[in-house]
Amino acid sequence: MKNIQLLGLLLVVVGSFLPLVHVPVIGNWNYWKLDYYLAIACWILAACAVFGIVNNSTKIVRLFGVLLILLFVFTLIAVKMQSLQYFSFLPFKSWREAFAGVVKLKWGWAVEFLGALLMILPGGNKKVNKRTQL
């Protein structure tokens, strides 16, 4: 269980450097190019999850895994809203939506969400009575 959570944590940290958004003229952006504050928040939540993994506290790891998923969803919504806002100078709403649709999400999000899910899903600490175990 601890190894699966460490793998999930590693995927979250590595995922912050993978391409998350593709902007046609500029190229691929990772979490650090999207927003420094969101990237720092991601790493702080990951560091708190390390504390839970080291202390073998499944509740802490799950809490920070859920918080990471909420941060990722917030970031996805913010990226879509920002891309719509970026093209607000266009006169028609359909044009704005068409140009905002040029900003594409990349495969790095799958790694981020998979890592957070791996932190949440493993079962809890089951204490087994050593005298009854053969």
Side-chain angles (χ1 to χ4, degrees):
M1 174 185 73
K2 200 172 190 181
N3 293 335
I4 294 173
Q5 290 175 337
L6 280 173
L7 175 66
L9 181 73
L10 180 68
L11 286 175
V12 167
V13 171
V14 169
S16 67
F17 295 107
L18 296 176
L20 299 176
V21 176
H22 178 74
V23 181
V25 176
I26 300 171
N28 293 328
W29 286 358
N30 57 17
Y31 232 132
W32 294 97
K33 288 183 182 176
L34 282 175
D35 188 44
Y36 292 112
Y37 298 114
L38 290 175
I40 290 170
C42 175
W43 277 46
I44 288 173
L45 292 174
C48 293
V50 168
F51 175 75
I53 292 171
V54 168
N55 289 328
N56 208 15
S57 175
T58 313
K59 290 180 182 179
I60 292 175
V61 177
R62 284 185 179 165
L63 171 72
F64 286 106
V66 169
L67 290 175
L68 279 167
I69 287 178
L70 291 175
L71 177 72
F72 299 152
V73 169
F74 172 75
T75 306
L76 285 171
I77 293 170
V79 164
K80 286 300 183 183
M81 297 286 286
Q82 185 65 30
S83 65
L84 283 171
Q85 186 67 28
Y86 186 73
F87 294 105
S88 65
F89 65 90
L90 295 172
F92 301 112
K93 186 176 180 181
S94 62
W95 290 4
R96 278 182 256 160
E97 291 173 357
F99 278 101
V102 176
V103 176
K104 300 290 183 192
L105 300 177
K106 297 297 278 184
W107 57 275
W109 287 112
V111 175
E112 291 277 6
F113 278 105
L114 178 66
L117 284 175
L118 284 177
M119 291 170 57
I120 293 172
L121 292 181
N125 295 337
K126 296 180 181 176
K127 295 189 179 188
V128 177
N129 190 349
K130 292 182 181 179
R131 287 189 275 173
T132 59
Q133 185 181 15
L134 295 175

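Residue indices begin at 1 and follow the sequence shown.
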Under the side chain to side chain contact (heavy atoms under 4.5 Å, CB included) test, which residues partner Val54, sequence neighbours left out? Val50

Per the side chain to side chain donor-acceptor pair (under 3.5 Å) rule, what does the pair list look like for residues 110-119, sequence neighbours excluded? none

Please tell me if the side chains of Ser16 and Asn30 come closer than 4.5 Å, counting only heavy atoms from C-beta onward. no

Who passes ring pair (Phe, Tyr, Trp, His ring centres under 6.0 Å) against Trp29, sequence neighbours left out? none

Heavy-atom pair of closest approach, residues Met119 and Val12: SD-CG2, 4.3 Å

Joint cluster assignment, Ile69 & Ile77, ILVMFWY side-chain distance < 4.5 Å: yes

Rounded to the nearest 0.5 Å, how far does CD1 of Ile4 lie from CG of Leu117? 13.0 Å

Working for side-chain contact (heavy atoms from CB on, under 4.5 Å), residues Gln5 and Thr58: CA-CA 9 Å; Gln5 290 175 337; Thr58 313; 3.9 Å; yes

Write down the atom of Gly65, the atom of Ala116, and the distance for their closest heavy-atom approach. O-CB, 4.0 Å

Worked verdict on Val14 versus Val111 for side-chain contact (heavy atoms from CB on, under 4.5 Å): CA-CA 8 Å; Val14 169; Val111 175; 5.6 Å; no

Apply side-chain contact (heavy atoms from CB on, under 4.5 Å) to Ile60 and Asn55, showing your working. CA-CA 9 Å; Ile60 292 175; Asn55 289 328; 5.9 Å; no

To the nearest 0.5 Å, atom CZ of Phe113 lies from atom CG of Leu68 at 10.0 Å

d(Leu114 CG, Leu118 CG) to nearest 0.5 Å is 4.5 Å

With rounding to the nearest 0.5 angstrom, report the CG to CZ distance, Leu38 to Phe72. 10.5 Å

So if I apply the side-chain contact (heavy atoms from CB on, under 4.5 Å) rule between Leu71 and each of Val73, Thr75, Leu67, which one comes out positive? Thr75

So, taking the atom named CG in Leu45 and the one named CG in Leu63, what distance separates them when rounded to the nearest 0.5 Å? 9.0 Å

Less than 3.5 Å apart, which donor and acceptor atoms pair up between the side chains of residues 98-110 and the rest of the protein, not counting sequence neighbours?
| from | atom 1 | to | atom 2 | distance (Å) |
| --- | --- | --- | --- | --- |
| Lys104 | NZ | Gly101 | O | 3.0 |
| Trp109 | NE1 | Leu20 | O | 3.0 |

Could you list the cluster mates of Val13? Members are the ILVMFWY residues connected by side-chain heavy atoms closer than 4.5 Å, either directly or through other members. Phe17, Trp32, Tyr36, Ile40, Trp43, Ile44

Validation row: Phe51, Ser57 side chains within 4.5 angstrom (heavy atoms): no

Can you list everything that forms a side-chain hydrogen bond (donor to acceptor under 3.5 Å, both in side chains) with Asn28? Sequence neighbours excluded, please. His22

Holding to ring pair (Phe, Tyr, Trp, His ring centres under 6.0 Å), I want the full list of residues that pass it with Phe64, two or more places apart in sequence or in another chain. none

